[in-house]
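Report on one structure; see the data block that follows.
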Amino acid sequence: MLNFLKIEQFKTHNSSVYDSIPLSYETFGCPMGTAPIVLVNHALTGNSSVVGEQGWWKDLIGEGKCIDTNEYSILAFNIPGNGYDGFLIDNYENFSVFDIARLFLKGLELLDIDSIFAVIGGSLGGNVTWQMAVLRPELMNHIIPIASDWKATDWILAQCRIQKQLLENSSNPLQDARMHAMTFYRTPQSLTAKFDRSKREGSSNYDVENWLKSHGEKLEKRFHLKAYKLMNHLLMTADVTDGTRNFIDSAKRIKGAIHLIGIDSDHFYLNEEIINSYLALSEFKNNISFSEINSIHGHDGFLIEFEQLSKILKHIFQLEHTT
Ligand SMILES: CC(=O)SCCNC(=O)CCNC(=O)[C@H](O)C(C)(C)COP(=O)(O)OP(=O)(O)OC[C@H]1O[C@@H](n2cnc3c(N)ncnc32)[C@H](O)[C@@H]1OP(=O)(O)O
């Protein structure tokens, strides 16, 4: 069930002022206040419905799952403007990952939450996770960005620029942008393994073309163009250093344990970038780790490789609740 908070008089990083921004959220598992809290930050086209039949992370979070809803309270906000709660933003360029992290932190304040067991998110959700940890270095025990980084690389900026032009100029913006995006969420090996140049009898298209098309059509049915423009723009704004480029100064204050997880075939958030962040920060911080998911599926691995992900996360969610 969707719940709503109101963030009043919100000033964005670029100094735009909003009288009131609705911040919607869902909770799952143990009632708030009775168990450690796990905050889940959704990715690009995700939402607060992480658990349950339609939950996009239902293989990771649920009864008896790696993050067990019998043991934890799960909290997930919607990024304001993702459209899932009916709220859309016109001037999407006013917002950045920094603003989304601040909105989520204000939401936690309104809910009287001053301690989080773990904050976890993949891709854009990982960007928000990094930014929240930098803004409130003492708030969380565990910080878990998956297939994500503290910054948008030039490669990501370039891909998102193409997305932006498709979203603004194409006659079929959502479908075209999604089809293009699917190619950097996957890998050539993943597509070969799935299709191997197959073609249904009588069809003029290869199966891979139909698959791309169907992903485009499905997104168009469930996502608003304004929301997709916002989400794509947010990806471009990730930078916990706020332009100073000094990652260590920004991140070394984080008190909680940082668990970085990359996917060896990810060519959107490159593993080598994540490993570089790990190596740089591990000179200043003992409680940081890096784990790798092996997959042919590239970036989408965080939505596919649940067995590996569960194995990596198990020690955090099964062995301790109190550190
Ligand atoms: C940047 C960020 O912040 S995050 C970006 C994250 N990535 C995404 O958002 C990408 C979205 N990816 C998906 O939605 C994927 O489906 C995943 C990752 C959830 C699952 O991947 P897979 O298990 O490989 O599923 P797949 O991509 O084949 O999708 C299955 C669907 O495709 C359909 N499909 C498969 N082959 C074909 C084909 N040849 N023609 C038409 N449809 C096809 C299936 O029927 C199925 O349809 P349904 O969902 O309506 O039942």
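Not measured: the values here are computed from a predicted model. We count ligands from 1, going down the list as the structure has it; atoms in each ligand are counted the same way.
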What pairs meet the ring pair (Phe, Tyr, Trp, His ring centres under 6.0 Å) rule with one or both residues in residues 272-297, with sequence neighbours excluded? none

Pick, from [options], the option with the minimum heavy-atom distance to [atom].
atom: atom 21 (O) of ligand 1; options: His297, Arg186, Glu217; result: Arg186
atom: atom 37 (C) of ligand 1; options: Trp211, Phe184, Tyr185, Tyr206; result: Trp211
atom: atom 31 (C) of ligand 1; options: His215, Glu305, Lys218; result: Lys218

I'd like to know whether ligand 1 has Gln163 as a neighbour, heavy-atom separation below 4.0 Å. no

So is Lys194 in contact with ligand 1, going by heavy-atom distances below 4.0 Å? yes

Do Phe104 and Phe77 make the cut of ring centroids closer than 6.0 angstrom? yes

Does some non-hydrogen atom of the protein lie less than 4.0 angstrom from atom 47 (O) of ligand 1? yes

Would you say that Trp150 contacts Thr241 through its side chain, given a criterion of any heavy-atom pair below 4.5 Å between the two side chains? yes

Do Met231 and Phe223 have side chains that get closer than 4.5 Å, going by heavy atoms? yes

Could you identify the single nearest non-hydrogen protein atom to [atom] and state the distance to 0.1 Å?
atom: atom 39 (N) of ligand 1; answer: Asp207 O, 3.0 Å
atom: atom 2 (C) of ligand 1; answer: Ser123 OG, 2.6 Å
atom: atom 19 (C) of ligand 1; answer: Leu303 CB, 4.4 Å
atom: atom 6 (C) of ligand 1; answer: Asp300 OD1, 3.6 Å
atom: atom 33 (C) of ligand 1; answer: Ser214 OG, 4.3 Å
atom: atom 41 (C) of ligand 1; answer: Asn210 O, 3.6 Å
atom: atom 11 (C) of ligand 1; answer: Arg178 NH2, 3.1 Å

Looking only at heavy atoms, is any part of Ile304 under 4.0 Å from ligand 1, and if so is it the side chain, the backbone, or both, or is it neither? side chain

Can you name the ring pair (Phe, Tyr, Trp, His ring centres under 6.0 Å) partners of His180, sequence neighbours left out? Phe184

Under the criterion salt bridge (Lys or Arg N to Asp or Glu O under 4.0 Å), I'd like the reasoning laid out for Asp207 against Lys199: C-alpha separation, chi angles, the key distance, then a yes or no. CA-CA 5 Å; Asp207 285 347; Lys199 204 180 209 181; over 6 Å; no

Atom pair NE2/CZ of His233 and Phe95 - distance to nearest 0.5 Å: 9.5 Å

What do you reckon, is CD of Glu168 surrounded by more than 12 foreign heavy atoms closer than 6.0 Å? yes

Any nitrogen or oxygen of Leu124, main chain or side chain, under 3.5 Å from a nitrogen or oxygen of ligand 1? yes

Quick one: does Leu44 get an N or O within less than 3.5 Å of an N or O on ligand 1? yes

